[in-house]
Amino acid sequence: MSRAISGVKGMNDLLPSEVARWHAMEETIREVVRLHGYREIRVPVIEHTPLYVRSVGEGTDIVDKEMYSFTFHDEPMTVRPEGTAGVVRAYVEHAVHTKEPVSRFYYEGPMFRGERPARGRYRQFHQAGCEVFGDPGPVVDAEMIDMIVALFARLGIKDVEVLVNSLGGKGTKAKYREKLVEYLTPEKDALSEDSKRRLSTNPLRILDSKDPRDQAAIKDAPSVLDVIDDDDRAHFDGLRRHLDKLQTPYTVEPRLVRGLDYYSRTLFEIRGRGGELGAQNTLAGGGRYDGLVEELGGPATPAIGFAAGLERLLLATELPAKKLEADVLIAPMGERAAGEALVIARELRAAGVPVVVEGRGGSLKSMLRRANSLGSAKAIVIGDGELDRGVVQLKDLAGHSQKDVPRAEIVLAVKS
RNA sequence: GUGGCCGUAGAUCAGUUGGUAGAUCACCGGAUUGUGGCUCCGGUUGUCGCGGGUUCAAGUCCCGUCGGUCACCCCA
């Protein structure tokens, strides 16, 4: 239908009936992260563009073509495409490392990427994420992965797959990239068009291409795990041991790479297998970024983090939306009764009872129908008769019963 | 960004070989002039996404556009 104005492509409204599901999910997330010692941090949605260019990295899709960037008073700004960069910036800017040796932050909110929208992928989407600063792992790495698995279980998302890999530290990552380019360059003609280009821009990404040509080409390519140094290997083995001890199922996927530059060492991804998700089945992803704090001007600080896509989590869960708009509906019959209804409603609310006054008039029948559709447990009927007698009629909708209650005892009667 | 599919009342959809629209749910009203969830009856709602074109005539064909969706890409 044609409207004078419509919403922006890829950006969705969440109507109240849907927000109820979001609240349920968010409460669960907050509870789980709280149990793991995380505290919420809130940072701005807009940052200086160079923050993302330097952290996420040039050559990544996010920076090259997906950011909502603009110039404000001659300064390049970007609406955040992901959460980690801003949190790290805040950590550095407030010198949090001088106040506590280890920081565990949780954040949640909208992110923006100018991709082509599809189910489970939107231009404004929401992520919940955690960051830990000051702990080199691998204990905390395993704990974080375990936390996500536990969270998903609590949300009722059962069929998930945990993939882990190690990219090695800064040195090995570069070394591996070189080695991979060396291996693939002679095969260049066999690669897909995209991957030919990636060979120079972002060779690691070729590893998780779905194109059969690329799959064939990388089949016997050197693995990161063959290249990482002893420290990296010890770190990765430590992670695996802890996950084993926790009995958290996982798969080592040497070809797992992720689209952001700042990752080092531990890398992980949790995928759903539900049919609702389609190709957008990455529910959460994260990894270690030991060099980023320093890169952004702070002291050398090991760090790890992850983010989960809330729209996708919601697709993977079956949380039903419970409709309950008010515990009590007041049905006044006529003008005088309506005035009294407002006063009674105020008294009930002061006592903590959610109340709605049906002010549209109409037949009593229609008003009671509405009480039903609101999910109210009780209704209060007031007409001239009740007003004259100084009572109201209190109906218990579930019990099909009703009784007159003296005006002064309404609050008590409703709450009992 | 590339390609495929789709776009009809608030929602889910039907609409026969082109002849200017229907069902169900929801909503409203009624079935004892003040009593609900079930049932029954009745009622409201659409510039058939938008803009062009073909035709005597288009929801139905063609083109464009916007939006959604699937795959790729990428990622949460």
Side-chain angles (χ1 to χ4, degrees), chain A residues 1-4 6-12 15 17 56 60-66 81-84 108-129 148 192-195 197-198 202 205-206 208-214 256-260 269-272 275 277-286 305-316 329 331-334 337 358 360-386 393-402:
Chain A
M1 54 226 56
S2 87
R3 298 263 154 77
S6 62
V8 175
K9 176 176 180 157
M11 311 215 171
N12 303 121
L15 267 22
S17 59
V56 177
T60 62
D61 281 19
I62 291 177
V63 167
D64 287 354
K65 51 191 190 194
E66 295 174 0
E82 60 103 44
T84 299
E108 193 232 307
M111 307 293 163
F112 301 82
R113 292 183 200 170
E115 298 181 280
R116 181 144 175 182
R119 167 173 277 238
R121 180 182 37 209
Y122 307 101
R123 291 186 169 179
Q124 174 175 337
F125 62 104
H126 297 77
Q127 287 186 332
I148 301 167
S192 68
E193 293 310 309
D194 284 323
S195 289
R197 177 176 46 78
R198 281 191 286 237
N202 206 340
R205 293 232 54 94
I206 299 174
D208 64 355
S209 168
K210 286 171 197 157
D211 191 296
R213 286 171 291 175
D214 297 335
L256 176 68
V257 294
R258 299 182 51 74
L260 290 70
E269 193 166 301
I270 289 89
R271 292 182 188 159
L277 287 167
Q280 272 68 53
N281 65 348
T282 301
L283 296 172
F306 82 94
L310 300 187
E311 281 83 359
R312 290 181 188 179
L313 293 190
L314 227 37
L315 279 177
L329 176 134
M333 311 285 292
E358 177 53 277
R360 299 179 302 171
S363 67
L364 179 56
K365 173 188 297 209
S366 69
M367 289 194 278
L368 289 173
R369 273 184 183 160
R370 180 143 176 80
N372 259 327
S373 71
L374 291 181
S376 304
K378 291 178 173 152
I380 291 172
V381 179
I382 317 170
D384 289 340
E386 283 81 7
Q393 183 186 87
L394 178 63
K395 287 181 69 70
D396 178 344
L397 291 164
H400 293 276
S401 61
Q402 53 196 293

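Note on naming: letters A, B, ... go to the chains in the order of the sequence lines (proteins, then strands), and numbering restarts at 1 for each one. Note that the structure is a prediction, hence the values are computed from the model and not measured.
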Item to check | Which residues share a salt bridge (charged side-chain N to carboxylate O under 4.0 Å, His left out) with A:Lys65, sequence neighbours left out | outcome: A:Asp61
Using the side-chain hydrogen bond (donor to acceptor under 3.5 Å, both in side chains) criterion, which residues pair with [X]? Sequence neighbours excluded.
X        : answer
A:Arg271 : A:Glu269
A:Arg123 : none
A:Glu311 : A:His126
A:Gln124 : none

If you take atom types as modelled and just measure distance, does the side chain of [X] reach the base of [N] with a donor-acceptor pair under 3.5 Å?
X        : N     : answer
A:Arg116 : B:G3  : yes
A:Glu386 : B:G34 : yes
A:Arg312 : B:C75 : yes

Checklist entry - Rounded to whole angstrom units, what separation is found between the CD atom of A:Gln124 and the P atom of B:G67? => result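 The distance from CD of A:Gln124 to P of B:G67 comes to 16 Å, rounded to the nearest Å.
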Closest to the [X] side chain, choosing from [options]:
X        : options             : value
A:Leu368 : B:G68, B:G36, B:G34 : B:G36
A:Leu364 : B:G36, B:U35, B:U69 : B:U35
A:Thr282 : B:C75, B:U69, B:C72 : B:C75

Under 4.0 Å, counting only non-hydrogen atoms across every strand here, what does [X] touch: a base, just sugar-phosphate, or nothing?
X        : answer
A:Gln393 : base
A:Asn372 : base
A:Gly114 : nothing
A:Gly385 : base
A:Leu283 : sugar-phosphate
A:Ala371 : nothing
A:Gln402 : base

Item to check | Between B:G15 and B:G49 - P atom distance, rounded Å | outcome: 15 Å
Next on the checklist: I'd like the P distance from B:A31 over to B:U35, given in whole Å.
Outcome noted: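 9 Å, rounded to whole Å.
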Item to check | A:Gln402 and A:Leu394, any side-chain heavy atoms less than 4.5 Å apart | outcome: no
Checklist entry - Going by the salt bridge (charged side-chain N to carboxylate O under 4.0 Å, His left out) test, which pairs reach into residues 367-376 of chain A, not counting sequence neighbours? => result A:Glu358-A:Arg370
Checklist entry - What string of B, S and - do you get for nucleotides 27-33 of chain B, 5' to 3', when a contact is any protein heavy atom under 4.0 Å? => result -SBBB--
Checklist entry - RNA chain B in dot-bracket, Watson-Crick or G-U pairs under 3.5 Å, [ ] crossing, | other strand? => result (((((((..((((........)))).(((((.......))))).....(((((.......))))))))))))....
Next on the checklist: Once side chain to side chain contact (heavy atoms under 4.5 Å, CB included) is applied, do any residues pair with A:Ser363, and if so which ones, sequence neighbours excluded?
Outcome noted: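 In terms of side chain to side chain contact (heavy atoms under 4.5 Å, CB included), with neighbours along the sequence ignored, A:Ser363 is linked to A:Lys365, A:Ser366.
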